[in-house]
Amino acid sequence: MAHCKRKPSKDTLATNSYNFARRVLVIEDIWAPCCCALPQEGVQPDPVTFVAVLNACASVSALEEGRCAHEQIIRSGCESVVFVRSSLVDMYGKCGSMQDAWRVFNKMPSQDVATWNAMIFGHVKCGQGQKALELFQRMQQEGVCPDRVTLVGVLNACASVVALEEGRGAHEQIIQRGWDLDAFVGSSLVDMYAKCGSMEDAWRVFCKMPSQDVVTWTAMILGYVRCGQGEKALELYKRMQQEGVQPNAVTFTGVLNACASLMALEEGRSVHQQMIQCACHLDAFVGSSLVDMYAKCGSMEDAWSVFNKMPSRDAVTWTAMIMGHVNCGQGQKALDLFHQMQEEGVQPDAVTFVGVLNACASIMALEEGRRAHERIIQSRCESNVFVRNSLVDMYAKCGSMEDACRVFNTMPSHDVVSWNALLGGFAMHGQGKEALVHFERMCEEGVHPDEITFVCLLSACSHSGFVDEGLRFYALMTTVYRIPAKLEHYTCMVDLLGRAGHLQEAENMIQGMPCKPNAAIWMALLGACRIHGNVEMGERMAKRVLELEPKNAAGFVLLSNLYAATGNLELSENVERQRKERDAKKQPGRTWIEVNDAVGIGYLRSGRPRLLRTNPPR
DNA sequence: TTAGGGTTAG
């Protein structure tokens with residue numbers, strides 16, 4: 001028998017009445033001793049007590065204690081009571097053990113609607129929405145009439161598997177039965193349509209409801225956040241308050257997400273103030289959203305301030321901080337946080353590892369990345385597709401294409417992100433041939449390239465001098481895949497054409513762009529002018545760069561080098577003097593270098609080649 | 001009935 005961890009308390013043994021059981025078990029949260037202790041102390045629980053115990057177990061997902069209660073129920077002979085059985089099914093479903101739920105379900109001579117509902121909700125909770133929908137069909141075939149709880153479960157199932165058509169079918173049944181004006185059902189309908197991406201339908205249901213409560217408003221707000229319409233979400237949030245509906249913790253998570261997506265720091269701060277007024281700011285769940293919002297809005301100071309005040313922090317809170325530092329370009333700080341998190345006994349999960357791998361990639365910390373990889377294997381997170389893609393990316397960015405390929409080749413399937421990470425790696429290391437070969441493989445596997453794929457390919461062609469292939473990819477992207485060219489693609493093309501000496505074509509390309517050129521694209525052509533010694537065009541390009549970015553040191557340096565290379569030493573010195581006058585500081589160039597058999601990132605041009613980080617031989 | 005942190009380019 002599964003043993004209960006907590007010791008029996010005398011107080012829990014005073015009575016087995018339903019109300020007392022509920023009070024002790026649920027409210028005071030010392031329910032576990034009761035289910036084991038009652039029979040030992042000679043107090044006989046009745047079916048009502050057992051249901052209360054099962055509900056308590058279900059409410060906190062305590063499977064072990066639930067199983068323990070089940071054994072007591074069998075011994076007491078109460079298992080034949082219908083509502084005890086349906087509570088058992090419900091408990092197992094809510095605790096995530098559908099196998100146990102099915103065992104009880106199949107043993108029942110007949111199932112009432114509550115039991116079917118428990119099974120449907122159980123499957124949804126376990127991420128098996130499709131199975132829940134199949135059960136709904138079976139239930140109707142067996143002549144059991146669904147109630148409004150069933151339909152709420154079905155709508156949840158549709159939302160979880162993005163089954164819009166089935167959702168519409170459920171909506172029709174709901175209208176036929178006259179339940180569409182019910183607050184619970186209506187909120188679930190709004191949620192279903194929003195999760196299925198049909199905000200128009202969600203809005204229609206929302207407007208038709210006789211009154212909207214905080215849940216309905218929140219479902220609508222979350223829908224807008226999910227589909228990337230953060231502004232609409234904030235608008236709705238304001239309207240909700242004008243209508244006198246008070247936001248709750250769930251609403252705040254949605255609104256903070258909206259602020260994060262819009263990088264709306266001021267709005268975020270004002271929501272934070274409202275949260276303090278409602279005393280919601282210390283809630284661990286919402287606190288993480290608050291940390292994330294400040295981090296995404298670039299204010300790590302505020303993120304830290306919230307983080308430090310939180311009474312408890314879980315993996316989500318730490319991960320939000322880690323990601324925040326990565327996005328601010330503080331990779332080392334992110335890794336320090338990762339170590340601190342573990343010292344405090346918080347177990348990292350798959351999302352944390354994604355953040356850690358990003359941090360390693362951003363500072364090219366190969367050894368740290370390898371250690372993270374080991375931890376990922378130990379934590380059984382390596383099957384997560386985000387983690388795998390991040391591993392490929394980390395190894396590629398840390399300079400080990402060998403490891404990147406090894407991880408890539410052991411993946412059971414590749415999505416477009418996996419391919420892009422690999423192709424980006426080849427591009428970065430000037431392995432144009434490899435990039436072309438792997439693009440062919442990608443197409444053979446039937447994975448559709450996206451705009452990022454083409455940035456990688458164009459950049460790979462550019463670095464390897466593959467002009468014809470680059471032009472072919474550009475044509476493929478715009479005509480076959482109908483991906484409209486963006487500034488990034490034009491920059492790669494200008495770089496490609498320019499390096500190959502097609503300077504005029506490159507300039508024509510910039511002039512023909514539908515979008516406004518930025519400094520980077522003029523710089524790409526200026527670099528090409530330096531390679532090919534075109535002073536006249538180089539001067540024009542430098543002028544454009546410095547108009548947009550007056551302190552762009554690279555712009556001065558490239559022009560100065562162009563003058564020097566073409567014998568205009570006086571002009572070269574003049575440009576260098578202007579650079580110093582404008583206080584445009586040079587950043588030492590880093591590149592992959594080898595020093596004494598060690599390969600790594602370092603400075604080549606500051607006197608002696610100096611390694612910053614090595615890539616030790618394996 | 002509504003909740004938090006996630007991958008690829010430049």
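Excluded from the calculations below are hydrogen atoms, water molecules and symmetry mates; all remaining heavy atoms, backbone and side chain alike, are included. Note that the structure is a prediction, hence the values are computed from the model and not measured. Each chain gets a letter, A, B and so on, in the order its sequence line appears, and its residues count up from 1.
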Interface residues of residues 302-317 of chain A with DNA chain B (non-hydrogen, below 4.0 angstrom): A/Asp314, A/Ala315, A/Val316, A/Thr317
NA contact type, [X], heavy-atom cut-off 4.0 Å: base, sugar-phosphate, or nothing?
{"X": "A/Ile452", "answer": "base"}
{"X": "A/Ala520", "answer": "nothing"}
{"X": "A/Ser188", "answer": "sugar-phosphate"}
{"X": "A/Asn257", "answer": "sugar-phosphate"}
{"X": "A/Ala427", "answer": "nothing"}
{"X": "A/Ser390", "answer": "sugar-phosphate"}
{"X": "A/Ser459", "answer": "sugar-phosphate"}
{"X": "A/Lys486", "answer": "nothing"}

May I have the list of side-chain donor-acceptor pairs in residues 455-463 of chain A shorter than 3.5 Å, sequence neighbours left out?
unit_1   : atom_1 : unit_2   : atom_2 : d
A/Ser462 : OG     : A/Asp495 : OD2    : 2.4
A/Ser462 : OG     : A/Arg499 : NE     : 3.4
A/His463 : ND1    : A/Ser459 : O      : 2.9

A/Arg204/A/Asp201 salt bridge by N-O under 4.0 Å criterion: yes
Where at least one partner belongs to residues 307-318 of chain A, residue pairs that pass salt bridge (Lys or Arg N to Asp or Glu O under 4.0 Å), sequence neighbours excluded: A/Arg313-A/Glu344
Whether A/Phe454 and A/Tyr481 hold their rings parallel, tilted or perpendicular, with breakpoints at 30° and 60°: tilted
Aromatic ring pairing A/Phe206/A/Trp217, orientation class (parallel under 30°, perpendicular over 60°, tilted between): perpendicular
Between A/Trp318 and A/Phe307, ring centroids under 6.0 Å: yes
Verdict with supporting geometry, A/Arg406 and A/Glu402, salt bridge (Lys or Arg N to Asp or Glu O under 4.0 Å): CA-CA 6 Å; A/Arg406 193 175 302 133; A/Glu402 199 190 329; 3.1 Å; yes
Contacts of type side chain to side chain contact (heavy atoms under 4.5 Å, CB included), residue A/Cys280, not counting sequence neighbours: A/Ala249, A/Phe252, A/Met275, A/Cys278
Of all pairs that satisfy side chain to side chain donor-acceptor pair (under 3.5 Å), the ones with a partner from residues 205-214 of chain A, not counting sequence neighbours: A/Asp213-A/Thr216
Heavy-atom contact window of chain A on DNA chain B, given 5' to 3' at under 4.0 Å: B/dT1 to B/dG10
